[in-house]
J.: 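Take this structure first; my questions come after.
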2 protein chains.
Amino acid sequence: MQAVESKTRRQKVEEKERTILAATRQVFRDGDKEGGKDVKIAAIAREANLAEGTVYLYFKNKQALLMAAVSDFYDELTRDAQAAVAVQCDTGTKLAKLAQLHFERVLDEWPLITEAMSPYLPSPQYRETEAFALNRRYVEVFDLVVRDGIKRGDIRNDLSIPAIRNAFYGGLEHCARSARLRLMRLDAIAEVDDFLTIFTVGIMDRPPACAGEGALDGAALVQQLERVIEGVKQQMDRDAT
Amino acid sequence: MQAVESKTRRQKVEEKERTILAATRQVFRDGDKEGGKDVKIAAIAREANLAEGTVYLYFKNKQALLMAAVSDFYDELTRDAQAAVAVQCDTGTKLAKLAQLHFERVLDEWPLITEAMSPYLPSPQYRETEAFALNRRYVEVFDLVVRDGIKRGDIRNDLSIPAIRNAFYGGLEHCARSARLRLMRLDAIAEVDDFLTIFTVGIMDRPPACAGEGALDGAALVQQLERVIEGVKQQMDRDAT
DNA sequence: CCCAAAAATGAGCTTGATTCATTTATAATG
DNA sequence: CATTATAAATGAATCAAGCTCATTTTTGGG
């Protein structure tokens, strides 16, 4: 009976954990509609029909609880991202799907994510958290698409993957932020669209050459070089002061 | 004497305010070296050689104090951004300068910025804060460069300015975040470089075409030269220390 | 030197997270 | 079915940090 009983125990514990996590996410979503006021443990306990102290039997402290809730979120997100990318299509479309998914989901749980993450934002010890690992697993989906795109020749091969990743998720997160400020979902979607254009054009491997326009122009090249050198000189002057 | 005396009073008050703000920024920078533990008012008061209560005579509450410190930071940053952009050079160079400046400064005061901002991140009422106004004034510098770039024909005109702005600052902030995780300034600079390439190519009008595989590509050549020069500069910087 | 106004202080209040002694529920055993 | 050991839950008490305000100290004009 040992084994069976212990399994039942574990299931019960996990069930209650899920209850508390669901309550947490719910309270954050609710609170979002009103002012972005910070969420109390008391509120989460109430939502889950538990006494305040009970929450601490399942999670070490508030921070751990929020992190677990975020982990939950990332789990879902990663699953869905994998599914989105599994269907056969070109690199650009895959990236667009990932962008769409990321933008929407992050927008939905923005308060939870920002509150859970903010203690780590300033700290290099974020690397040690479970959330870091989960985030890593999540962006791995993106990385695979990018690596595949490079192999296919869709994406230029002279950029570091982390830089591409930063450009992608950084831009999207700013779009989400800006969307929250405006409160206009439609504008936001247009913004994401424009962002995707910038990003995509930026990473794509050069389109097949066209001779005319861009062909080498000696005079122009010299001028451009002069400008570059001028810029460097000014930089140095400023540094010298 | 009324007027003269009141001016002196104001000066004294402003001086003390500056003291407290400087202490605040200092404590955040110090705390950064250790774990990113959160800063207490007590610590700021100690740094400024004041009793805790005194701080509250000059700032309504902690949040207001942090915001004032951030405002201080933005003031400096805006001034320097304006100066950087004032010198005559092409759009790409201006953007690179702005990127460089933003990246470095934000990296330096990251903990302060994130802690001061985090209460507003989830909230649309950020629009009402003074920091929002200051941030607006700051990005205005960027917006001008972009608008000018569009007018000159350097930047494509089919993208919304906010989207361009999001792409720029979003990408940079992720670079900064990633730089804090790695703790390797040099990697980070390379990442910013790559990011800038993506961004620049993405927004530029007609990315310079190249004629056939092996043909000489002016833009690529310039970029390569820039990288070489950048490398030399870094070498010099390192030698200088 | 004296005093009123200004500035500063720090003990105590408040709020919200966290702990833990106690109570309540569960379920195995005689 | 009563007994009792164990698990689960409770909420009153503790703690920490932001914040207030009655009191003390400093300042500057007469």
Side-chain angles (χ1 to χ4, degrees), chain A residues 1-21 23-24 27-28 31 34-69 111-112 115-116 118-120 122, chain B residues 1-21 23-24 27-28 31 34-69 111-112 115-116 118-120 122:
Chain A
M1 291 290 95
Q2 245 320 27
V4 168
E5 175 187 274
S6 109
K7 178 160 164 255
T8 307
R9 286 265 164 78
R10 164 181 286 266
Q11 282 175 337
K12 274 166 95 173
V13 166
E14 284 179 350
E15 187 176 299
K16 187 132 291 189
E17 276 173 4
R18 276 196 301 279
T19 305
I20 296 173
L21 290 178
T24 304
V27 170
F28 269 97
E34 295 113 63
K37 50 185 190 297
D38 50 354
V39 166
K40 321 269 193 317
I41 290 286
I44 293 171
R46 200 173 329 117
E47 175 78 26
N49 285 312
L50 292 171
E52 225 174 312
T54 309
V55 172
Y56 287 89
L57 299 175
Y58 292 87
F59 297 93
K60 194 171 138 288
N61 54 31
K62 189 181 185 181
Q63 184 53 33
L65 169 58
L66 298 193
M67 273 312 206
L112 169 63
E115 184 162 338
S118 68
Y120 296 113
Chain B
M1 292 293 93
Q2 245 320 27
V4 168
E5 176 187 275
S6 108
K7 178 160 165 256
T8 307
R9 286 265 164 76
R10 166 181 285 265
Q11 283 175 337
K12 275 165 91 173
V13 167
E14 282 178 352
E15 187 176 298
K16 187 131 293 186
E17 276 172 6
R18 275 196 301 278
T19 305
I20 297 173
L21 290 178
T24 304
V27 170
F28 268 97
E34 295 113 64
K37 52 186 186 297
D38 51 351
V39 166
K40 321 269 193 321
I41 289 288
I44 293 170
R46 200 174 327 116
E47 174 78 27
N49 284 312
L50 292 170
E52 225 174 310
T54 309
V55 172
Y56 288 90
L57 298 175
Y58 293 87
F59 297 93
K60 192 170 139 290
N61 54 33
K62 189 181 187 183
Q63 183 54 32
L65 169 58
L66 298 193
M67 273 312 205
L112 169 63
E115 184 163 338
S118 67
Y120 296 114

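Please read all numbers here as calculations on a predicted model, not as lab measurements.
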J.: Atom OH in A/Tyr58, atom CG in A/Leu50: separation rounded to 0.5 Å?
T.: 8.0 Å
J.: Specify the separation, in whole Å, of atom CZ of B/Arg10 and atom C1' of C/dA7.
T.: 18 Å
J.: D/dA8 C1' sits how many Å from A/Glu15 CD, rounded?
T.: 14 Å
J.: Looking at side-chain heavy atoms only, is the closest gap between B/Arg18 and B/Glu15 below 4.5 Å?
T.: yes
J.: Among D/dG28, C/dT9, D/dA9, which nucleotide sits nearest the side chain of B/Lys12?
T.: D/dG28
J.: If you look at every heavy atom in A/Ala23 and A/Glu47, which pair is closest and at what distance?
T.: CB-CG, 3.6 Å
J.: Taking CZ from A/Phe59 and P from C/dT18, how many angstroms apart are they, rounded to a whole number?
T.: 13 Å
J.: Looking at every non-hydrogen atom in both residues, tell me the closest pair between A/Phe59 and A/Ala68 and how far apart they are.
T.: CE2-CB, 3.7 Å
J.: Classify the nucleic acid contact of B/Tyr58 as base, sugar-phosphate or nothing, counting any heavy atom under 4.0 Å across all strands shown.
T.: sugar-phosphate
J.: Would you mind reading off the distance between A/Glu17 atom CD and D/dA8 atom C1', rounded to a whole angstrom?
T.: 14 Å
J.: Would you mind reading off the distance between B/Asp38 atom CG and D/dA17 atom P, rounded to a whole angstrom?
T.: 8 Å
J.: Does this structure show an ion pair linking B/Lys62 with B/Glu115, if we count only N-O contacts that are shorter than 4.0 Å?
T.: yes
J.: Measure the distance from CD1 on A/Ile44 to C1' on C/dG16 and round it to the nearest whole Å.
T.: 12 Å
J.: If you measure from CE on A/Met67 to CG on A/Leu112, what distance do you get to the nearest 0.5 Å?
T.: 10.0 Å
J.: Can you pull every protein N or O that's under 3.5 Å from an N or O on nucleotides 18-21 of chain D?
T.:
| from | atom 1 | to | atom 2 | distance (Å) |
| --- | --- | --- | --- | --- |
| D/dG18 | OP1 | B/Lys62 | NZ | 2.8 |
| D/dG18 | OP2 | B/Ile41 | N | 3.4 |
| D/dC19 | OP2 | B/Tyr56 | OH | 3.0 |
| D/dC19 | OP2 | B/Lys62 | N | 2.6 |

